[in-house]
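Structure, as structure tokens:
Chain A is the first sequence line, chain B the second, and so forth, proteins listed ahead of strands; every chain is numbered from 1.
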Amino acid sequence: MRLTAENLSARRGEDLIFKDISFSLEGGQSLVLTGKNGSGKSTLLRTVAGLLRPESGRVIWEQEGSEAGMRAAEACHYLGHRNAMKPDLTVQENLNFWKVFCGNDEPGIAAVAEAAWEVGLPDLLHLPFGYLSAGQQRRIAFAKLLVADRRIWILDEPTVALDTGAEEVLIQLMNRHLVMGGIVITATHQPLALENAQELRMTGFAGVMEEMW
Amino acid sequence: MTALLLRDLKLSVRAGGGALIGVLFFMTVVAVIPFGVGPDLNLLSRIGPAIVWIGALLSALLGLDRMFQTDREDGSLDLILMQEHPLALTVLIKCLAHWLGNGLPLVIASPLLGLFMNMSEVAIGATMLTLLVGTPALTFIGAVGAAVAVALPRGGLLVSILVLPLAIPVLIFGVSASYAAVEDPAPFMPPFLILVAITMFFAVIGPIGAALALRNTAD
């Protein structure tokens, strides 16, 4: 099981955001992206998740027992700045939807109630998602990662809006995912105590000049 | 996929879903016509099918822009794009849910509005049948417009304008089939079958086009 990025470059409009970024992650390893605002962390995450077409380079996902040519995106959970939850539906309905839609009804995957308990919000399942506070919404969005099994977690500043207690819970959950052989790629401003972490400092546009073009 | 269908249906009937807005708009458009035209019953029954169809077309256009935009705003669209399901199939399901939430209520409301227009039973039945067959085509065509304009803030009017030229044939054949049912010399089946064909054609082309547009909306 291995996720490889080869010479990724991406641009937004006319501007080249980053160039020639390569990394390789095996099961159990994590990658932490740091760097100042606008340095291209989110862009890199979206490129790996297949949501942005790279200007050059490619992302390769190899897994034993899966068919060749599987898109890396299909093995990924992506938690972006937005929580991908409907404010009009209850927490239970939201989580149920993603559980079924991501196609994980197998045993061994956390049930919705279990996932809510793991993130420390077991009593809120009946409330509409829109009624929750920003931190609670973030935690429920994180619970979405637990209800369906994806080997790669791509997290864009997962600890935004969280209190320190919740932050620790989330870091524990990420570490458990790593111990179980998963891969975590995360962009962050706070130091996260992740196991087997490689750090990639994004320098942003300052470090990438236009000599290629 | 059933999960997606159920979720979208739930959203369309909950607050802010807009399923009822379409019906209300439809009723408003058709209900003001008798006041504007005057109490000429013969004239009203003659223009009835056309007015009901135009009203249905306008209300169908009204809700189109929200089809993908709400999903994009809260980030769900990203996750939907990443799944292994073929995107065209996902779009087809979303169209189906959108039609059940926004199109079907129009069809159900049309007999009542037919009464407003002093239409005969046969004309009401024919209009309802053509709406039932024709409104899915409007949704499938609209899906492409909605997908193209998904990244634009306030793209609603743009979607309507993009979609309207393609929706005109649906209107023409829908109205002519409705008239054919009441006016004797004209046959009902040819325009009706063409309407069916248009719907089936766009059921295939629409989701594929919308899927392509969504894939290329990079942000």
Could you state the interatomic distance from SG (Cys102(A)) to CD (Glu84(B)), rounded to the nearest 0.5 Å?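 Those atoms lie 9.5 Å apart.
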What distance separates Asp71(B) CG from Arg82(A) CZ, expressed to the nearest 0.5 Å?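 Reported to 0.5 Å precision, the distance equals 11.0 Å.
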Would you call Asn94(A) and Arg7(B) a side-chain contact if the rule is heavy atoms closer than 4.5 Å?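 The answer is no, as the side chains (C-beta and beyond) never meet within the 4.5 Å cut-off.
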Are Thr90(B) and Phe101(A) side-chain neighbours, meaning at least one heavy-atom pair lies under 4.5 Å?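 Answer yes - side chains close enough.
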How far apart are the closest heavy atoms of [X] and [Y], and which atoms are they?
X	Y	answer
Arg14(B)	Asp88(A)	NH1-O, 3.4 Å
Met82(B)	Ala49(A)	CG-O, 3.7 Å
Asp78(B)	Leu51(A)	O-CD2, 3.5 Å
Ser76(B)	Lys86(A)	OG-CE, 4.2 Å

Using non-hydrogen atoms only, which part of Ile80(B) is less than 4.5 Å away from chain A: side chain, backbone, both, or neither?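 Answer is both: backbone and side chain atoms of Ile80(B) are under 4.5 Å from chain A.
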Side chain, backbone, both or neither: which part of Thr2(B) has a heavy atom under 4.5 Å from chain A?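 No part of Thr2(B) comes within 4.5 Å of chain A.
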Quick one: do the Asn216(B) and Arg53(A) side chains pair a donor with an acceptor below 3.5 Å?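 There is such a pair between these side chains.
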For chain B, find which of Ala84(A), Gly50(A), Pro87(A) contributes the most heavy-atom pairs closer than 4.5 angstrom.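 Most heavy-atom pairs within the cutoff with chain B belong to Ala84(A).
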Donor-acceptor under 3.5 Å (Arg71(A) side chain, Gln83(B) main chain):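 Side chain of Arg71(A) to backbone of Gln83(B), a donor-acceptor pair under 3.5 Å: yes, one is there.
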